[in-house]
Amino acid sequence: MRRKTFDVLFETSTGLTALVKEPCLWRSGYYFTLSVGLFTGVMTNTWFLDYPLGERFVIILATVVILATALAMYGFLLHGIMETFGALAGDPVGLICLLGYTTLPFLLLTPAALLSAKLGVGGVPLMLATIGVGVIWMLYLLIKSLEVVYLIDTLRASVAIVFSLLLLYVVFVLPIQLGLTLLINALM
């Protein structure tokens, strides 16, 4: 398993091709839960260290559930976009299997998240940089996995991901941004 993870992260064309050819839904779910759970759990547990254990557990659980749901929905959104683009020869189970491997970089970035959380307010730039590196790495692996699952080129996979990110921005971020702008203008 260690060699396969190394191949997926650092020799992506070989690792992802081998990964699609075997059933890995449970392993992918394990990596997905471990990556999202540890990354967010370490950060929230350190940030809210002064709170009682019961409150910390509820905050960690809520954060992990929200992030896991968002990332899973992103995977299904990508699958729908790829079908819209005419890549009907794809394997949806393969894409779901690869979703766990695309979030695996966050497991490797957990020590940096712990350090940023321990630094307190001064660690916010390090935390943002760590999350940025994780997102870029995740998108790189997602592009590679789309290439392997759907047998498309890098340009079409990149366009699909950029389109899906813009769609997520329009659906989730833009309404909040407009609402905050209206609220700030109303208060002034």
Side-chain angles (χ1 to χ4, degrees), residues 1-2 5 8-9 23-81 92-93 95-142 145 161 164-187:
M1 186 181 327
R2 190 179 315 145
T5 303
V8 167
L9 290 177
C24 60
L25 197 56
W26 291 111
R27 186 182 317 125
S28 176
Y30 171 74
Y31 284 152
F32 183 78
T33 307
L34 196 64
S35 301
V36 175
L38 277 179
F39 188 81
T40 57
V42 159
M43 285 188 2
T44 54
N45 203 17
T46 307
W47 282 105
F48 299 106
L49 195 58
D50 298 334
Y51 288 81
L53 186 61
E55 291 177 17
R56 273 191 290 168
F57 181 72
V58 169
I59 291 170
I60 291 170
L61 187 63
T63 307
V64 168
V65 166
I66 289 168
L67 285 176
T69 304
L71 287 171
M73 292 285 89
Y74 179 71
F76 292 120
L77 173 73
L78 263 180
H79 181 258
I81 289 171
V93 176
L95 183 61
I96 294 168
C97 286
L98 292 166
L99 186 61
Y101 284 90
T102 57
T103 55
L104 197 56
F106 284 103
L107 181 62
L108 301 176
L109 292 170
T110 300
L114 178 62
L115 177 63
S116 68
K118 283 196 176 285
L119 291 174
V121 178
V124 171
L126 178 61
M127 181 182 66
L128 293 175
T130 303
I131 291 172
V133 167
V135 167
I136 290 170
W137 198 357
M138 185 184 82
L139 290 178
Y140 168 74
L141 287 180
L142 203 49
S145 63
I161 287 184
S164 64
L165 286 175
L166 288 174
L167 185 61
L168 285 175
Y169 171 77
V170 167
V171 171
F172 293 112
V173 179
L174 193 60
I176 294 171
Q177 187 178 2
L178 289 174
L180 288 175
T181 304
L182 290 172
L183 182 65
I184 289 172
N185 288 338
L187 293 175

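Start at 1 with the first residue, then count along the sequence.
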Residues in side-chain contact (heavy atoms from CB on, under 4.5 Å) contact with [X], at least two apart in sequence or another chain:
X      : value
Val135 : Phe106, Ile131, Leu139
Leu115 : Leu119, Leu126
Leu166 : Val162
Ala117 : Thr46, Trp47

Please find the pair of heavy atoms, one from Trp137 and one from Leu108, that lie closest to each other, and give the distance.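 Closest heavy-atom pair between Trp137 and Leu108: CH2-CD1, 3.7 Å.
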
Minimal non-hydrogen separation, Ser35 against Leu107, with atom names: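 Taking every non-hydrogen atom into account, OG-CB, 3.6 Å.
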
Distance from [X] atom [atom1] to [Y] atom [atom2], nearest 0.5 Å?
X      : Y      : atom1 : atom2 : value
Leu178 : Leu183 : CG    : CG    : 12.5 Å
Leu167 : Leu174 : CG    : CG    : 11.5 Å
Ser116 : Leu128 : OG    : CG    : 8.5 Å

Validation row: Thr130, Met127 side chains within 4.5 angstrom (heavy atoms):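 The answer is no; the side chains never approach within 4.5 Å.
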
For residues 61-70, please give each side-chain donor-acceptor pair under 3.5 Å, one per line with the distance, not counting sequence neighbours.
{"unit_1": "Thr63", "atom_1": "OG1", "unit_2": "Ile59", "atom_2": "O", "d": "2.7"}
{"unit_1": "Thr69", "atom_1": "OG1", "unit_2": "Val65", "atom_2": "O", "d": "2.7"}

Side chain to side chain donor-acceptor pair (under 3.5 Å) partners for [X], two or more places apart:
X      : value
Tyr51  : none
Ser164 : Tyr74
Glu55  : none

Does Phe48 CZ have over 12 foreign heavy atoms under 6.0 Å away?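 Yes, because the 6.0 Å sphere around CZ of Phe48 holds more than 12 heavy atoms from other groups.
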
Taking only residues at least two apart or on different chains, which pairs with a member in residues 168-186 satisfy side-chain hydrogen bond (donor to acceptor under 3.5 Å, both in side chains)?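 Every pair satisfying side-chain hydrogen bond (donor to acceptor under 3.5 Å, both in side chains) with a residue in residues 168-186: Tyr169-Gln177.
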
